[in-house]
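Positions are given from 1, in the same order as the sequence printed here. Just so you know, ligand 1 is whichever comes first in the structure, and atom 1 is the first atom listed for that ligand. Quick caveat: nothing in here was measured; it's all calculated off a predicted structure.
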Amino acid sequence: MRFGLDIGGTKIELRAYDHNSEELIKQRVSTPSNYPDFVNAVVNLITQTETNLATTASIGIGLPGAICPKTQLIKNANCTFLNGHDLQRDLSNRLNRKVYIANDANCFTLSEAIDGAAAGKQVVFGVILGTGCGGGLVVNQQLLVGANAICGEWGHNPLPNYDHAKDGISQPCYCGRQNCIERFISGTGFEMQYSQRFSENKSAPEIIDSLQNGDHKAKLAYYQLVDHIARSFAYVVNIIDPDAIVIGGGMSNVASLYGDVEKQMKQYVFSLNSETPILQAKFGDSSGVRGAAWLPASNNH
Ligand SMILES: [Zn+2]
């Protein structure tokens with residue numbers, strides 16, 4: 001039995017999978033606001049579920065942060081009370097087994113590379129286009145974490161070929177840099193681009209609805225988004241040339257994006273004949289927690 005946990009700002013979710021990767025149960029509890037309560041909540045959630053299912057499970061956890069390779073302490077987590085703690089050691093001690101932890105975008109990519117949209121592909125780059133723009137890289141069904149545990153954090157590279165006249169005003173990012181890719185192609189970035197260009201606030205789904213109704217402003221915003229994603233993906237292709245790029249998160253529901261981005265990328269990738277499939281995540285919102293459940297079997301942390 002495999003348990004995957006997804007740590008969010010408001011909820012901790014656990015899903016249990018059997019040996020056929022069938023989901024057996026889903027449990028949620030609120031995320032506590034301090035570290036000791038958080039550890040207790042995770043331990044209780046796991047032990048209660050194990051009691052209910054009369055089983056012992058392997059444990060993998062995905063969270064929006066990373067484990068510092070030098071200190072083993074959590075860093076970059078948006079649940080800020082986790083930062084600076086050795087969560088892996090503390091949970092492993094309490095649960096009497098090794099607990100595996102990885103960044104949630106990495107878990108998403110692992111899930112899609114193992115038995116999701118990119119099953120059978122050797123090199124898979126995964127991207128979650130939602131509030132932010134997380135990424136992960138899986139090679140031969142193994143996560144690449146990186147020497148600094150920031151592999152896949154391409155959302156904080158600058159938008160390639162940023163041009164003020166073409167791409168609008170300079171965008172400050174919370175990371176302290178300017179014009180990060182995330183500020184343009186995440187759902188939030190897309191909305192901000194629209195709002196600054198047309199002085200009108202619309203949510204990403206509203207803009208896409210307008211696009212489908214033939215709205216001119218929505219069309220301009222959409223084709224600019226396609227171009228921004230194509231430029232950003234082309235840089236990834238020129239460096240690692242993945243067998244597929246998988247998109248998850250809210251923006252992954254825009255069906256036309258896949259073909260349009262594939263077509264637009266051709267002018268930016270070094271080889272004119274390149275073909276990199278851009279795929280929609282198979283498991284949608286549950287891909288992160290599924291990937292977390294895969295962590296122990298894939299021998300990563
Ligand atoms: Zn940034």
Side-chain angles (χ1 to χ4, degrees), residues 7-9 62-71 73-84 102-109 125-138 143-197 201 203-204 207 221 224-240 242 245-252 254 257 261 265 268 278 288:
I7 309 300
L63 50 78
I67 295 178
C68 174
K70 287 200 178 92
T71 64
L73 305 180
I74 300 282
K75 63 174 185 176
N76 301 342
N78 69 349
C79 294
T80 51
F81 62 84
L82 293 176
N83 290 323
N103 173 269
D104 52 3
N106 286 5
C107 293
F108 161 82
T109 309
F125 189 68
V127 177
I128 301 177
L129 298 182
T131 313
C133 182
L137 181 61
V138 170
L143 268 176
L144 295 193
V145 177
N148 299 288
I150 54 169
C151 187
E153 294 292 354
W154 127 111
H156 294 281
N157 277 7
L159 180 75
N161 311 327
Y162 168 77
D163 176 341
H164 181 277
K166 194 172 157 193
D167 301 311
I169 59 169
S170 189
Q171 303 290 332
C173 183
Y174 71 87
C175 74
R177 295 171 185 82
Q178 294 283 321
N179 297 323
C180 288
I181 285 172
E182 178 167 309
R183 306 314 298 152
F184 294 87
I185 71 169
S186 65
T188 315
F190 177 51
E191 288 165 359
M192 195 185 302
Q193 290 292 309
Y194 186 92
S195 148
Q196 288 174 350
R197 189 167 178 186
N201 292 327
S203 70
I207 302 168
Q224 187 175 52
L225 173 72
V226 167
D227 189 59
H228 286 160
I229 296 176
R231 279 147 65 181
S232 305
F233 281 179
Y235 263 50
V236 173
V237 173
N238 282 350
I239 295 170
I240 58 170
I245 297 176
V246 185
I247 306 179
M251 297 305 289
S252 71
V254 183
L257 214 47
V261 169
M265 274 171 69
Y268 297 121
I278 313 296

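Here the CG atom belonging to Asn103 is positioned 10.5 Å from the NZ atom belonging to Lys75, to the nearest 0.5 angstrom.
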What's the verdict on ring-ring contact (aromatic ring centres under 6.0 Å, His included) for Phe125 and Trp154, showing C-alpha distance, side-chain angles and the deciding distance? CA-CA 11 Å; Phe125 189 68; Trp154 127 111; 5.4 Å; yes

Let me see the working for Phe108 and Val138 under side chain to side chain contact (heavy atoms under 4.5 Å, CB included), right down to the final yes or no. CA-CA 10 Å; Phe108 161 82; Val138 170; over 6 Å; no

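Under the 30°/60° scheme for interplanar angles, the aromatic rings of Tyr174 and His156 are found to stand perpendicular.
Pairing each heavy atom of Leu137 with each of Thr109, the nearest pair is N-CG2, 4.3 Å.
Inside a sphere of radius 2.8 Å centred on the Zn ion (ligand 1), the protein N/O/S atoms present are His156 ND1, Cys173 SG, Cys175 SG, Cys180 SG.
For Arg197, the CZ atom sits in a packed shell: over 12 heavy atoms of surrounding residues, nucleotides or ligands are nearer than 6.0 Å.
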